[in-house]
2 protein chains.
Amino acid sequence: MSDEKPQYNIENAKSQMRKGFLEFPVLLIIGAKPTYAPDILKQLKNANLLVVEGTLYPLLSRLKSSGLVEYEWQESKSGPPRKMYTMTEQGKEILQQLEASWKSLDDSVNTLIKHYEKSN
Amino acid sequence: MSDEKPQYNIENAKSQMRKGFLEFPVLLIIGAKPTYAPDILKQLKNANLLVVEGTLYPLLSRLKSSGLVEYEWQESKSGPPRKMYTMTEQGKEILQQLEASWKSLDDSVNTLIKHYEKSN
DNA sequence: ATGTGGTACTTTGTATTGCAAGGTACCTTA
DNA sequence: TAAGGTACCTTGCAATACAAAGTACCACAT
């Protein structure tokens, strides 16, 4: 009989660490400058927040239907038209709140890290 | 006809911002000092990471069955026995990796925030 | 005109997680 | 024995990330 103990998967953990999180960085990116999906993917990749199409497109749809962003079709010189996303006023307000939430979370975790390190 | 646009729920967003995240703070808490569930809940609450029993107990079970933590029953003076959780060696190793992941995530997000603020 | 490759957007199914709500069991004290 | 507090656990649901596959548009070479 094998041990049956499920092995811990650090890659999965890294992915999970981002779960439900992406909305905030995506709003930051769109808020900084109107963009379209493949460019957002590149910016996330540059920021070490690796995300795939199957994650981003539904997320953009949710942001759109919540009224936080909107888009306009824009022609491209090198392919099919693009959905250029921009922030709405409501999006900007929500982004402020998300930023406050992030800072609170950031403080909390960094405090716990300090406690942990002090104890070792 | 109403607008049908689903309203954006900031409370849900805050909750989602923590999704898949809790494992890390919980490991930090157990790593700092052996504890049991209700005490972990208190520490999370103090750190502004509000979590409920129904979240924590299954999480502890997962950590246990992955071998990152273990527990021993300990008698209490004021109620039923407690499961006192401690870190395993493997848990300490994983925690190091999670901390590195956190720092990377932290950097990424804070960089995106700076970009966003610079553009406004 | 045709096909090839690249770009952009979408959808489906699965696994995982947080949470609300309810339940079980132990212990102390009146 | 009853009541209240403490501790642990389970079930069903909603939300999310992801892999994988699909659709459609466009430019360019043949």
Side-chain angles (χ1 to χ4, degrees), chain A residues 6-27 34-42 44-45 49-66 69 71-85 98 101 105, chain B residues 6-27 34-42 44-45 49-66 69 71-85 98 101 105:
Chain A
Q7 230 208 332
Y8 190 81
N9 181 350
I10 187 73
E11 288 308 318
N12 179 52
K14 289 179 185 175
S15 166
Q16 293 304 326
M17 191 169 266
R18 280 201 317 268
K19 199 157 196 169
F21 209 81
L22 285 172
E23 186 177 286
F24 178 47
V26 169
L27 282 175
T35 32
Y36 66 113
D39 188 50
I40 295 173
L41 287 173
K42 277 178 206 153
L44 290 171
K45 188 175 182 180
L49 295 170
L50 211 45
V51 175
V52 296
E53 286 185 324
T55 299
L56 182 59
Y57 282 105
L59 171 54
L60 289 171
S61 290
R62 292 197 296 273
L63 294 176
K64 167 77 167 72
S65 66
S66 301
V69 303
Y71 64 79
E72 288 181 5
W73 284 102
Q74 190 173 91
E75 311 234 333
S76 161
K77 295 175 183 172
S78 58
R82 302 165 174 173
K83 281 185 175 177
M84 294 297 294
Y85 285 90
L98 289 177
S101 295
L105 185 69
Chain B
Q7 230 209 332
Y8 190 81
N9 182 349
I10 188 72
E11 288 309 317
N12 178 52
K14 289 179 184 174
S15 165
Q16 292 304 326
M17 190 169 265
R18 281 202 316 269
K19 198 158 198 170
F21 209 82
L22 286 172
E23 186 177 285
F24 178 47
V26 168
L27 283 175
T35 31
Y36 66 112
D39 188 51
I40 295 173
L41 287 173
K42 276 179 209 152
L44 290 172
K45 189 175 181 179
L49 295 171
L50 210 45
V51 175
V52 294
E53 286 185 324
T55 298
L56 183 60
Y57 282 106
L59 171 55
L60 290 172
S61 291
R62 292 197 295 274
L63 294 176
K64 167 76 168 71
S65 66
S66 301
V69 302
Y71 64 79
E72 289 183 3
W73 284 102
Q74 190 172 93
E75 310 232 334
S76 160
K77 294 177 183 172
S78 58
R82 302 165 173 172
K83 282 187 174 176
M84 294 297 293
Y85 284 91
L98 289 177
S101 296
L105 185 68

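The sequence lines fix the lettering, A, B, ..., with proteins before strands; numbering per chain opens at 1.
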Spacing of CH2 belonging to A:Trp73 relative to CE belonging to A:Met84, to within rounding of 0.5 Å:
12.0 Å
Walk along nucleotides 9-19 of chain D from 5' to 3' and tag each nucleotide B, S or - by protein heavy-atom contact under 4.0 Å, base first, then sugar-phosphate.
BB---BBBSBB
Minimum heavy-atom distance between B:Ser78 and B:Arg82, given as atom pair plus value
OG-NH2, 3.9 Å
Roughly how many Å is it from CG in B:Leu49 to C1' in C:dC19, rounded to a whole number?
15 Å
For the atom pair CG (A:Leu41) and CG (A:Leu49), what is the distance rounded to the nearest 0.5 Å?
11.5 Å
Do B:Glu75 and B:Pro81 touch side chain to side chain, with heavy atoms closer than 4.5 Å?
no
Expressed in angstrom and rounded to an integer, what is the separation of A:Arg82 atom CZ from D:dC26 atom P?
13 Å
Most 5' of A:Ser76 and B:Pro38 on DNA chain D, judged by nearest nucleotide
B:Pro38
Rounded distance in Å - CE (A:Met84) to C1' (C:dT7):
15 Å
Rounding to an integer number of Å, can you tell me how far A:Tyr36 OH sits from C:dG6 C1'?
12 Å
Whole angstrom is fine here: how far is it from CD1 in B:Ile40 over to P in C:dG18?
14 Å
Closer to the 5' end of DNA chain D via nearest nucleotide, is it A:Lys77 or B:Pro81?
B:Pro81
Does some side-chain heavy atom of A:Leu44 sit less than 4.5 Å from a side-chain heavy atom of A:Leu50?
no
Are any of the side-chain heavy atoms of B:Leu63 and B:Leu59 separated by less than 4.5 Å?
yes
Nearest whole Å is fine: how far is C:dA21 P from B:Leu56 CG?
18 Å
Within this structure, what is the CD-to-C1' distance between A:Gln74 and C:dT7, rounded to whole angstrom?
15 Å
Going by heavy atoms in the side chains, are A:Leu105 and A:Phe24 under 4.5 Å from each other?
no
dist A:Lys83:NZ -> A:Glu72:CD (nearest 0.5 Å) comes out at 12.5 Å
When rounded to whole Å, the CG to P distance for the pair B:Leu60 and C:dT17 reads 13 Å
Does some side-chain heavy atom of B:Thr35 sit less than 4.5 Å from a side-chain heavy atom of B:Tyr85?
no
As a check of understanding: the bend across the helix from C:dA1-D:dT30 to C:dA30-D:dT1, end axes from five pairs, rounded to 10 degrees, works out to 10°
